[in-house]
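First the structure, in the form of C-alpha cells, and then the observations on it.
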Amino acid sequence: MTVSNRNAGRGESTSSLPIEMCSVRVGEMLLGLPIRQILEIVGSARPQPVPLAPGFVGGLIHYRGDVLTTVSLRHLLGMPSSERPQPALVLEGASGCYGVLVDAVGEVMAVSPQAWEPIPPTLDQSRKQIFTGAYKLHDSLLVIVDPAQLDPQHLSAADAACTGGAYARADCR
Amino acid sequence: MDDLTREFLIESGEGLDRMERCLTDLEKSPGDAALIAEIFRSVHTIKGTTGFLGYKRLEKLAHVGENLLGLLRDRKIRADAPVVTALLRLLDALRSILRSIEATETEGEGDDAALIGELAELQQAPQESAVAAPSDSALSRSKKARSHSPRSTAKPSTRGSAASSAPPPIEPSGAAQSPSSPPAVAPVAPEEPKSAAASLAAAESTLRVDIALLNRMMNLVGELVLTRNQVLQATAAVPGLTLLTRRLDMITADLREAVMKARMQPVSNVFSKVPRLVRDLCQSLGKRVRLDVEGQETELDKSLLEAIKDPLTHAVRNALDHGIELPDVRVAAAKDPEGTLKLRAVPEGSHVIIEVSDDGAGISVDRVREKAIERGLISAERAAQQPERDLLQLIFLPGFSTASAITKVSGRGVGMDVVRTNVERIGGKVELDSRPGKGTTLRLRIPLTLAIIPALIVRSVGQSFALPQVALSELVHIPAQKSASAIEWIEDAPLYRLRGNLLPLVFLDRILSPVAVPCRRDARESYIAVLDADGRRYGLVVEGLADPEEIVVKPLNAALKGIALYSGATVLGSGNLALILDPGAVALRAGIALSTDENDAAASAPVATSSHRENEYLLVDIAGRRAAVSLGNVLRIEQIPASRVEYVGDRPVLNCQDRILSLADTAGLIAAADPGSQIVIVVCCDGERQVGFVVSHVLDVAAGSDLCEAGTSRRTLGAVLLKDSVTGVVDLAQFHHLALSGMDNADAAPVEVFS
C-alpha cells in the first residue's frame with residue numbers, strides 16, 4: 001500500500017495493475033513513457049531544422065497534414081545530436097501535439113507498480129526534472145520520463161527563465 | 001453552457017442581425033408589413049425562448065418591444081424616426097444582454113427602466129390605440145404560448161412557467177383587464193404556419209458546422225493533395241495506372257475546391273452592418289446619405305471576413321464624417337443634398353476588391369502635403385517632387401492619423417493606418433483615389449483565402465523557405481562572376497544598386513545563423529528577392545530559387561514564436577517542410593528602417609538618426625571625383641532645374657524661399673549643364689550659414705571613421721575611409737568662405753581624393 005501511495009504522489013496509477021510503458025532507447029539509456037499518453041509513433045522522421053530555434057527543438061516533422069515541433073531527447077540528456085533519422089513519439093500537450101525524437105522505439109512493457117523506485121538523489125538536477133522514477137526490470141532499469149516535462153512550451157518557458165528571459169525579449173519585438 | 005442556451009444565443013443573434021437590417025429598411029418604407037412581421041418574429045422568438053430559460057431582463061425588454069411592434073403591425077402607429085430609434089436602442093440592449101449571457105451566463109447588471117419607459121411611452125402616443133392595445137398584447141401572449149408548443153413538447157413544465165411569467169409585464173401597458181379573446185387570435189393564425197414552414201425549409205437545406213471541423217477537413221485535404229503528388233510520382237512509369245491516377249488527381253482538386261468553398265461566406269454578412277452605421281452617423285452628423293450596396297453575394301473566407309469588419313467600419317465612418325459634406329454645403333456646390341456612399345464587392349482573380357466610395361469633397365492634396373511637411377513626415381522638396389497619387393498615400397502613415405487637427409482641415413485621416421495595417425496583415429492591399437469636389441474611393445484588395453497563399457520557395461542554409469508573394473516586388477539574379485562587383489559594401493552593410501537606387505541587402509544565411517558569421521564576399525551565384533514589407537524595402541539574398549507554390553499555412557508551436565522570424569510552416573509538394581518567412585520580421589531583425597521615401601536612400605539620408613551622424617558621410621560625385629560631406633552638416637539635397645540658378649556678380653546663387661543661397665560650383669557643373677536640365681545641390685550648414693554645393697550625383701551614405709590625417713590639403717579638413725577607399729572630406733568653413741568671396745572657381749578642386 002505504501003508503494004501505491006507514493007505512486008499517487010508521483011502522478012502514476014494508484015492501482016496495483018500492471019502499467020504499460022513504451023520503452024525507448026536514447027544513447028545507452030532505456031527510457032519509458034506511459035503508452036496512454038502516446039498518440040502515435042512516426043518511424044524514422046527526418047526533421048526539418050529550424051534555424052535560431054532553442055536547442056531542445058529537434059526540428060519540424062510532418063504528421064497527418066500538420067507540422068509538429070519535435071523535442072530532441074538526446075539534447076535534453078546532453079548527448080550529441082544524431083546523424084541518423086530518428087523515430088518520433090507524438091504526444092499531446094496542453095497547447096497541441098508535439099513530437100519527441102528518440103534513437104529507437106522498443107517494445108511496450110507491462111510493469112508492476114511494486115517495482116517502482118524513486119530516482120536517486122545523487123542524480124543531476126537536470127535529470128531530476130525529466131525523470132520521475134524507475135521500474136526494476138530483470139536485468140536493467142526502465143527510467144520513466146515525465147511527458148509533461150517534454151512539452152516544448154514548458155521547455156521554452158524554463159529556458160527563458162534560466163537565460164534571463166532571452167526569448168521573452170525576442171517576443172516583444 | 002448547455003446546448004439549449006448556446007443554440008438560443010446563436011438563433012437570437014441571427015434574429016437580431018435580421019432585425020437590424022429590417023429596421024434600417026423600415027425607415028425608408030415605413031409601411032412595409034413584411035418588414036414589421038420579420039422584426040416582430042425576431043423579438044418574439046427571443047421573448048418566447050427566454051421564458052423557459054429564465055432570463056427575466058431579456059423577457060421584459062422583449063415583451064415591451066413586442067407590444068410596440070404589435071401596434072406598428074396593426075398600423076396603430078407609424079414607424080417614424082423616434083420609433084425606429086427606440087427599436088434600435090432596444091436591439092442594442094438585447095444584444096448586450098446576449099453578449100453578457102455568452103460571456104458569464106448571466107444577464108448582467110443593468111437598468112432597463114428608462115428604455116422600457118420610452119418604449120411604453122411610444123405606445124401611448126396614438127390616442128385611439130388605447131382600445132387596440134389590450135387586444136394586441138393579449139394576442140401576442142396567446143401567440144407566444146402557441147409558438148412554444150413545438151419547442152417545449154418534451155418539457156411541459158417549462159411551458160407552464162413561460163406562460164405564468166408572461167402576464168406581469170403586460171400590466172404597465174394598460175392591458176390588465178383583457179383576456180385573450182378568440183376573435184383577436186383568428187386573424188393572425190394563418191400567418192404562423194407560413195413563417196414556420198419557411199424557417200423549416202431553411203433549416204433543412206443548411207447546416208451549422210463547427211469551424212474546427214472545417215479546419216480539420218482543410219488539413220486532411222492538404223494531406224490528400226500531398227499523397228496524390230507522391231502517388232503521381234510513383235506511378236508515372238506504370239502505364240496501367242495512368243487513368244486511375246488522373247481520376248484521383250481530378251477528384252482531389254475538386255474536393256479541395258469544395259472544402260475551400262465551405263469556408264466561404266458572402267460579404268453581405270459584413271455589409272449588413274453598414275446601413276445601421278450609416279443611419280446612426282447621419283443622425284449624429286446631420287447629414288443625408290444614401291447607401292448603395294453592390295455585389296453582396298461575393299464570397300470570402302470566413303476568417304478574412306472577420307478581419308475586414310474593422311477596416312470597413314473605419315472607412316465608412318471616414319467617408320461620412322469627412323467625405324460627404326453637410327446638405328447645405330452640397331447644395332452650394334450644386335450637388336444633390338443627399339450624398340451617396342457606395343459599397344461594392346467585386347471578385348477579381350484570386351482577390352476580392354471591396355470599394356468604399358463617396359461623392360463628397362474629396363481629399364485636398366495641398367492640405368495633405370502641408371500637414372505632412374508640418375509633421376516632418378516628408379521634406380518640402382520631396383513633397384514638391386512627388387506625384388499627387390503618392391502624396392495621398394501619406395494619410396496611411398501612423399503619424400498622420402493621430403493628429404486631430406488634420407482630420408478637421410484636410411478630411412480623412414482617422415484610423416487610416418489601422419485600415420492599412422489590418423488589411424495588410426491578411427495579405428491585402430489598400431489603395432486610395434480622390435478627386436477634390438468629386439469624392440473619394442478607398443479600395444481594399446483582399447485575398448480570397450488565408451489558408452492558402454502563393455509563395456516563392458527560396459533556398460538558403462541547405463533548406464527551403466517560403467516567402468509570401470504579396471511582399472515580393474521583383475527578383476534579381478546575380479551570377480557568380482558578377483557577385484563581387486554587383487554587391488557593394490559599406491563596412492559590413494551590403495547594398496545593391498537597383499536602377500540607380502541603393503537597396504539595403506540582407507543575407508538570409510547571416511540572419512539565420514545563431515553566431516555572427518563574417519561577411520561573405522566570395523563569388524557565388526545568388527538571388528536578390530526585393531521585398532516590400534510594412535513599408536520596409538530591402539533585398540533578401542538567397543542561394544537558390546525553386547518554383548512558386550500555393551502553400552497551405554500551418555501554425556508553429558508557441559515555443560518557436562520567440563524566434564519571431566517565421567509566420568508558420570508548410571508542407572511542399574515534394575513532401576518536404578518549409579518554414580514561412582515573415583518579411584517584416586526579417587527586416588526588423590536586420591535593422592532595416594521604416595522609410596517614407598521608398599526608393600530614395602540618398603534623400604532620406606539627411607534625416608538619418610542623429611546618433612550616427614558623427615561617423616556618417618554623404619558620398620558625392622563631382623565631375624568624376626568622389627568627395628564626402630559630414631552627414632551632420634547636410635540639410636537637404638535638392639534637385640533643381642539649372643535655369644533657376646541666378647548670378648550675383650559672377651557668383652551663382654539660388655533664390656530659395658526668399659533667401660539667397662550661395663552655390664559653390666567648383667567643377668563648373670552649372671555652366672556645363674544645359675538650361676533645361678536638372679542639377680543636384682547638397683545644401684549644407686556651417687553654424688548659421690548655409691551653402692549649396694553643386695554635385696554631379698549623390699552616391700551614397702556611408703559610415704567611416706576619421707583618419708585624422710592633418711594637413712592634407714588647403715580645403716580638406718581630413719579624410720576618411722569610405723567604401724574601402726580614402727575619401728576627402730569637404731571643409732565647409734573654407735568652402736563657405738570661398739563661395740562668399742567669389743573666388744575663381746576653376747582655381748582648384750574642392751576636395752582631394754586618394755585611392
Side-chain angles (χ1 to χ4, degrees), chain A residues 42 44-72 75-76 85 88 90-101 149-161 163-173, chain B residues 215-227 230 256 259 451 460-466 508-515 517 551-566 568-572 574-582 584-589 591:
Chain A
V42 181
S44 65
R46 271 191 192 279
Q48 171 94 354
V50 182
L52 302 182
F56 62 81
V57 173
L60 304 176
I61 58 166
H62 181 203
Y63 168 70
R64 299 200 171 203
D66 266 328
V67 173
L68 286 193
T69 303
T70 60
V71 171
S72 165
H75 181 272
L76 289 181
V90 180
L91 306 180
E92 187 159 13
S95 59
C97 293
Y98 59 93
V100 175
L101 295 175
Q149 297 291 327
L150 301 180
D151 191 322
Q153 247 180 311
H154 171 86
L155 288 169
S156 81
D159 230 33
T163 56
Y167 293 109
R169 266 206 310 280
D171 245 316
C172 46
R173 53 190 173 97
Chain B
N215 288 345
R216 177 152 171 67
M217 281 165 72
M218 194 72 205
N219 272 347
L220 289 174
V221 167
E223 184 79 341
L224 182 65
V225 169
L226 279 172
T227 316
Q230 280 157 12
R256 177 171 153 169
V259 172
S460 187
V461 294
Q463 57 186 99
S464 299
F465 295 90
L508 188 56
D509 51 355
R510 273 173 85 187
I511 286 285
L512 293 180
S513 70
V515 286
V517 281
I551 58 168
V552 182
V553 181
K554 311 276 183 191
L556 282 178
N557 191 291
L560 299 177
K561 296 244 164 80
I563 310 171
L565 286 180
Y566 314 117
T570 188
V571 187
L572 300 178
S574 59
N576 288 332
L577 297 178
L579 287 155
I580 303 167
L581 291 170
D582 177 347
V586 171
L588 245 131
R589 172 69 64 102

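Computed from a predicted structure; not experimentally measured. Protein chains get the first letters and strands the later ones, always in sequence-line order, with residue 1 at the start of each.
Using modelled atom types, one side-chain atom of B:Gln463 and one backbone atom of A:Pro49 make a donor-acceptor pair closer than 3.5 Å. Side-chain atoms of A:Gln48 come within 3.5 Å of backbone atoms of B:Leu577 as a donor-acceptor pair (strictly under, hydrogens ignored).
Contact of A:Ile61 with chain B is made through the backbone alone, with heavy-atom distances under 4.5 Å. With a 4.5 angstrom heavy-atom cutoff, B:Leu565 touches chain A only via side-chain atoms. If you measure heavy-atom distances from A:Val50 to chain B, the contacts under 4.5 Å come from both the backbone and the side chain.
In terms of heavy atoms, B:Ala559 sits closest to A:Pro54 at O-CG, 4.2 Å. Summarising the geometry of A:Pro51 relative to B:Phe465, their closest heavy-atom pair is CG-CZ, 3.9 Å, with the distance given to 0.1 Å. Looking at every heavy atom in both residues, B:Ile511 comes nearest to A:Leu52 through O-CD1, 3.4 Å.
The shortest side-chain heavy-atom distance between B:Leu556 and A:Leu60 falls under the 4.5 Å cut-off. Counting only heavy atoms from C-beta outward, the side chains of A:His62 and B:Leu572 never approach each other to under 4.5 Å.
To the nearest 0.5 Å, the span separating CG on B:Leu560 from OG on A:Ser156 amounts to 8.5 Å.
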